[in-house]
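Protein chains get the first letters and strands the later ones, always in sequence-line order, with residue 1 at the start of each.
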Amino acid sequence: MLCTAHGRKGSGKTLAANSKTEPYNPAEIEAKWRDAWEKNPVNVNDGKRPKYYCLDMFPYPSGSGLHVGHWRGYVISDVWSRYQMMHGNHYVIHPMGWDAFGLPAENYAIQHGVHPAITTRENVDNIRKQIRQIGAIYDWDMEVNTTDPAYFKWTQWIFVQLFKKGLAYQKEMPVNWCPSCKTGLANEEVVDGKCERCHSEVTKKNLKQWMLKITAYADRLLEGLNGLDWPEKVKKMQTDWIGKSYGAEVDFEIDWSDVGEPADGRIRMLRDRYIRVYTTRPDTLYGATFMVLAPEHALVTQLATAEQKEAVDAYVRQAMNKSNVDRLQDKEKTGVFTGSYAINPLNGERIPIWIADYVLADYGTGAIMCVPAHDERDFAFAKKFGLKIVQVIAKDGEEIPDMQEAYTEASGIMINSGEWNGRESGELKLAAPDEIEKKGFGEKKVNYKLRDWVFSRQRYWGEPIPIVHCDDCGAVPVPEEELPLTLPEVEKYEPTGTGESPLAAIDEWVNTTCPHCKRKAKRETNTMPQWAGSSWYFLRYVDVHNDKELVSKEKADAYLPVDMYIGGVEHAVLHLLYARFWTKFLHDIGVVSFDEPFKKLFNQGMITGKNGVKMSKSLGNVVSPDDLIRDYGCDSLRMYELFVGPPELDSEWDDRGIDGVYRFLSRFWRLVHENKDRDVEETTELLKVRHQMIHTISTRLAQFNLNTVISGFMEYNNRLLEMSAEGGVDKETLRVFVRLIAPVAPHIAEELWQRLGETDSVFHSSWPEADASLMQENTVEIAVQVSGRVRATITIDTDCAKEDAVAKAKEALGDKLSGTIVKEIYVPGKIVNLVVKP
RNA sequence: GCCGGUGUGUCGGAAUUGGCAGACGAGGCAGACUCAAAAUCUGUUGCGGGCAACCGCGUGCGGGUUCAAGUCCCGCCACCGGCACCA
């Protein structure tokens, strides 16, 4: 719009005459300001300004360094931080640290015998150097490293508090086991039945594990989402992961008469009288025509009759051998009849009890009532095995003669349902749990998909779990004054693969005394998962050197929680859920006074290689920022990272485009130099452009439309270059432009600010304010349409009345207008449309 | 299967409440400067037709609402991401 309205014709000569300015030399000015800012940081806490906490998801310091994709997130957060600093006059907390425990360093240690602490230190040093090149305002005095004993002392301390509150407990159970990483995994770390890290197929292994009772917080984790300014997508993923459902548990009496007495004449043990099921559709209870138990269900062997015993045993054995992946992917229903029956508590009918692996042992009660008429899975099972189908909800009160598919909606009229007949099923669905409870054969029940967090890992490079096992006292926490409990030096980092950590082999470390009774005891040898350190690091940044507390109450209240959290979407149900859980716990024990850590979350899109392929070392499509900085400078790369596309979407990287922003910066440099020493009058035209520019850029920045912020700069730069050639640009407009561009291209902005005669940093200046009265256009060019087709354009006053606009439009159309006008439409500032009939 | 996102020139992408589709940039083409090249600057660049003014067609596909649809409604398709036998 800016350029089409004002042709650039003839401006070339004038520009050439004035263009003998010093060329833009990013390498020189960027080095200059990097040093200057290091000596005199621009973002200091004077205790007077309001705080703004802008946080990046801290990186794992991998050996391969950063690529342009990592950069994008850090650039976005820095632009936002600097904008907050200038715009709201905030003291911005913008820290960086290292999530440094984890497998790559440990695997490297196994292969090369180098201690993970050494590899980690080297990688951290390297990546810190790379991150410094971004020219961001990170406060390196706040740096944290999860592997630093002074840090993980508090990770262990939190574990001890969880233990004391009964939220950390041990349990022996089949856990997800990665045979390649040789460690147990949390549910959240199993993706499609595969290990989140190495993609090996996950198996089950019976291990005694430390568990964290995240389920105790299920409801609060769910409800807390409502108040968060997070992407809906992430909230939805967490909601689904928590998986809350409402329904009822119902007891079905077992009819033991089909199961004979044991052949060997032994007397039966006391038998269970009931099978308990969980259902979200208690309204369909009259339609329950069979039951299915998970193969792992405790009653399976007892329920098998003599005739069915062999088939049942075979089925159970086969189900146990099936891998998780197979069991999930095989949608074809399989199952076997136990030979036994149970009684439907409502209608007293005998219904067969089956076993099938589509019923999961660890959800609900591991047993279900089956209503084939109203559940797809039960329908498929009933069809396959010829079981009875009874319809209990009818859409229009009419029974379907031969059902071909399940009717799964909870709306319709109850039929075949005794005293429930005629009721509306949606209403009954809500009322049934209470009615069943009153009848005495069940109770109202809420269920969650969320499972407790498997918290131990059988690996070396993690925080040791601070527990001592004593024969007499049981599990006893290491006394808080003895924390941190550091890792022993080992010779072999290799995981044993038996489910024991390599720490178990270090006798002098393992053998200790019980803190409680002082007798001989053994240390816990499992370590914590990677997620432990990252579940609370954002709290530590504001009080890194505190050796008395995790964070002081004073600092927590002053600087927390996080106002803006920026990172990839891949942690939606891992880190972000765990961090919320720990924050709520720390709130409950009085460490912090808020219970949601991250008020606003922004997920930046991924930068990919050509054709949307993820950048990876093995594919050889990784683009390193280092060369680009050398050739174009940091400011150009920062701008290009934003210019490639909307920040929330994935973008394919194409090196060629960076030339465009480099050219822009050179021209911007020229614009300022052409005019800084001229004495140009502040015309209304210049004022108008200046204030429109402030408005446009500020709006786009505030809305996080960062790619269009860059294109906006380019447009205004082009416009101002024309004006520079025509009569010049006044100094205040240049000063405004420099301030607007400062968050995005800090080095060039600071340099030009100085060259405009300023002595203080541009970041200590205030954000320009747009004056709406000065940005008004007097005239506007609008399109004239005839029956919706553009036939002419006219220039009219902005406040032009309808009659005048239409008259002018008719004039402009001349003989292009024929037929009779049936309707005249005028939208001020937009369009005139004359609808004609031929 | 369910949920979410995306689909616009050669490419990346613009387009407040429906109001001149293609801003800005990349690439291409032409020109200026140059012995020449690079850099820089200028012009041009959706498709089709016409010497031209101009006309027609164009935002994944098919319908619809409207004076007017990339934008709203209905029905599809493709790709990406998440969840996936949770009773």
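Between the CZ atom of A:Phe713 and the P atom of B:rG25 there is a distance of 14 Å, rounded to whole Å. Rounding to whole angstrom units, CD of residue A:Glu715 and P of B:rG25 are separated by 8 Å. A:Tyr632 places its OH atom 11 Å from the C1' atom of B:rA26, with the value rounded to the nearest Å. Rounded to whole Å, the distance from CG on A:Leu642 to P on B:rA26 is 17 Å. A straight line from CD of A:Glu22 to P of B:rU40 spans 18 Å, rounded to a whole angstrom. For the pair A:Glu409 CD and B:rC2 P, the computed distance is 13 Å after rounding to whole Å. The separation between A:Leu706 atom CG and B:rG12 atom C1' is 16 Å, rounded to whole Å. Summarising the geometry, the separation between CD1 on A:Ile658 and P on B:rA26 is reported as 12 Å, rounded to the nearest angstrom.
Between A:Glu824 and A:Lys802 no salt bridge is recorded (no basic side-chain N to carboxylate O distance below 4.0 Å). Between A:Lys449 and A:Asp240, no side-chain nitrogen of the basic residue sits less than 4.0 Å from a carboxylate oxygen of the acidic one, so the salt-bridge criterion is not met. Taking 4.0 Å as the cut-off between side-chain N and carboxylate O, A:Glu674 and A:Arg670 count as a salt-bridged pair.
In this model, the phosphate group of B:rG25 is approached by a side-chain N or O of A:Asn718 to a distance below 4.0 Å at OP1 or OP2. When the side-chain nitrogen and oxygen atoms of A:Arg667 are compared with OP1 and OP2 of B:rC41, one or more of them lie within a distance under 4.0 Å. The side chain of A:Arg656 contributes no N or O atom lying less than 4.0 Å from OP1 or OP2 of B:rG12. For B:rU40, neither phosphate oxygen OP1 nor OP2 lies less than 4.0 angstrom from any side-chain nitrogen or oxygen of A:Arg670. OP1 or OP2 of B:rA87 sits under 4.0 Å from a side-chain N or O of A:Ser245. Between A:Tyr358 and the phosphate of B:rA87, there is no side-chain N or O to OP1/OP2 separation shorter than 4.0 Å. Regarding contacts with the backbone of B:rA26, a side-chain N or O of A:Arg663 is found under 4.0 angstrom from either OP1 or OP2.
Separation of the P atoms belonging to B:rG12 and B:rC83 is 28 Å when rounded to the nearest angstrom. Taking atom C1' in both B:rC79 and B:rC61, one finds a spacing of 15 Å when rounded to whole Å. B:rC85 and B:rG81 are spaced 22 Å apart, taking the C1' atom of each and rounding to whole Å. For the P atoms, the distance from B:rA21 to B:rG56 is 12 Å, rounded to whole Å. Remark: the separation of the C1' atoms in B:rG60 and B:rC55 is 27 Å, to the nearest Å. Using atom C1' as the reference point in both B:rG27 and B:rG46, the two lie 15 Å apart (nearest Å). Taking atom C1' in both B:rA69 and B:rG58, one finds a spacing of 14 Å when rounded to whole Å. Rounded to whole Å, the separation between the P atoms of B:rC54 and B:rU45 comes to 14 Å.
Nearer to the 5' terminus of RNA chain B, by closest-nucleotide assignment, is the contact made by A:Gln703 (compared with the other of A:Val790 and A:Gln703).
The salt bridge (charged side-chain N to carboxylate O under 4.0 Å, His left out) check on A:Lys429 picks up nothing, with sequence neighbours excluded. When the ring pair (Phe, Tyr, Trp, His ring centres under 6.0 Å) test is applied to A:His297, no partner is found at least two apart in sequence or on another chain.
Across all strands shown, nothing is found opposite B:rA39 as a Watson-Crick or G-U wobble partner with both distances under 3.5 Å. Searching all strands for a Watson-Crick or G-U wobble partner of B:rU17 with both distances below 3.5 Å returns nothing. Of the nucleotides present, none pairs with B:rA69 by Watson-Crick or G-U wobble criteria with both distances under 3.5 Å. Using N1 to N3 plus N6-O4 or O6-N4 for Watson-Crick, or N1-O2 and O6-N3 for G-U wobble, each under 3.5 Å, B:rA87 pairs with nothing.
Side-chain proximity of A:Arg791 to B:rA23, B:rG56, B:rA87: nearest is B:rG56. When each of B:rU17, B:rA14, B:rG27 is scored by its nearest atom to the side-chain atoms of A:Asn707, the top-ranked nucleotide is B:rA14. Side-chain proximity of A:Arg789 to the nucleotides B:rG27, B:rA23, B:rC57 is greatest for B:rC57.
Of all the residues in residues 643-650 of chain A, A:Phe643, A:Val644, A:Pro646 reach under 4.0 Å from RNA chain B with at least one non-hydrogen atom. In the region residues 568-578 of chain A, proximity to RNA chain B at under 4.0 angstrom, judged on heavy atoms, holds for none of the residues.
Taking 3.5 Å as the limit, the base of B:rC85 and the side chain of A:Lys333 contain a donor-acceptor pair of atoms between them.
Annotation: side chain to side chain donor-acceptor pair (under 3.5 Å) contacts involving residues 279-291 of chain A, sequence neighbours excluded, comprise A:Arg281-A:Asp283, A:Tyr286-A:Glu419.
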Stepwise side chain to side chain donor-acceptor pair (under 3.5 Å) test for A:Ser245 and A:Asn447 = CA-CA 5 Å; A:Ser245 68; A:Asn447 245 317; 5.4 Å; no
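Side chain of A:Lys810 to main chain of A:Leu834: no donor-acceptor pair is present (N/O by atom type, distance under 3.5 Å, no hydrogens or angles).
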Between the protein and nucleotides 67-72 of chain B, list the N/O to N/O atom pairs that are separated by less than 3.5 angstrom.
from: B:rC67; atom 1: OP1; to: A:Lys823; atom 2: NZ; distance (Å): 3.3
from: B:rC67; atom 1: O2'; to: A:Asn833; atom 2: ND2; distance (Å): 3.3
from: B:rC67; atom 1: O2; to: A:Asn833; atom 2: ND2; distance (Å): 2.4

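You'll find the ring centres of A:Tyr632 and A:Tyr640 outside the 6.0 Å limit.
The glycosidic torsion of B:rG9 lies within 90° of 0, placing the base in the syn range.
Here the CG-CE distance, from A:Leu346 to A:Met369, works out to 9.0 Å after rounding to the nearest 0.5 Å.
Crowding of A:Lys388 atom NZ: a count of heavy atoms from other residues, nucleotides or ligands under 6.0 Å not exceeding 12.
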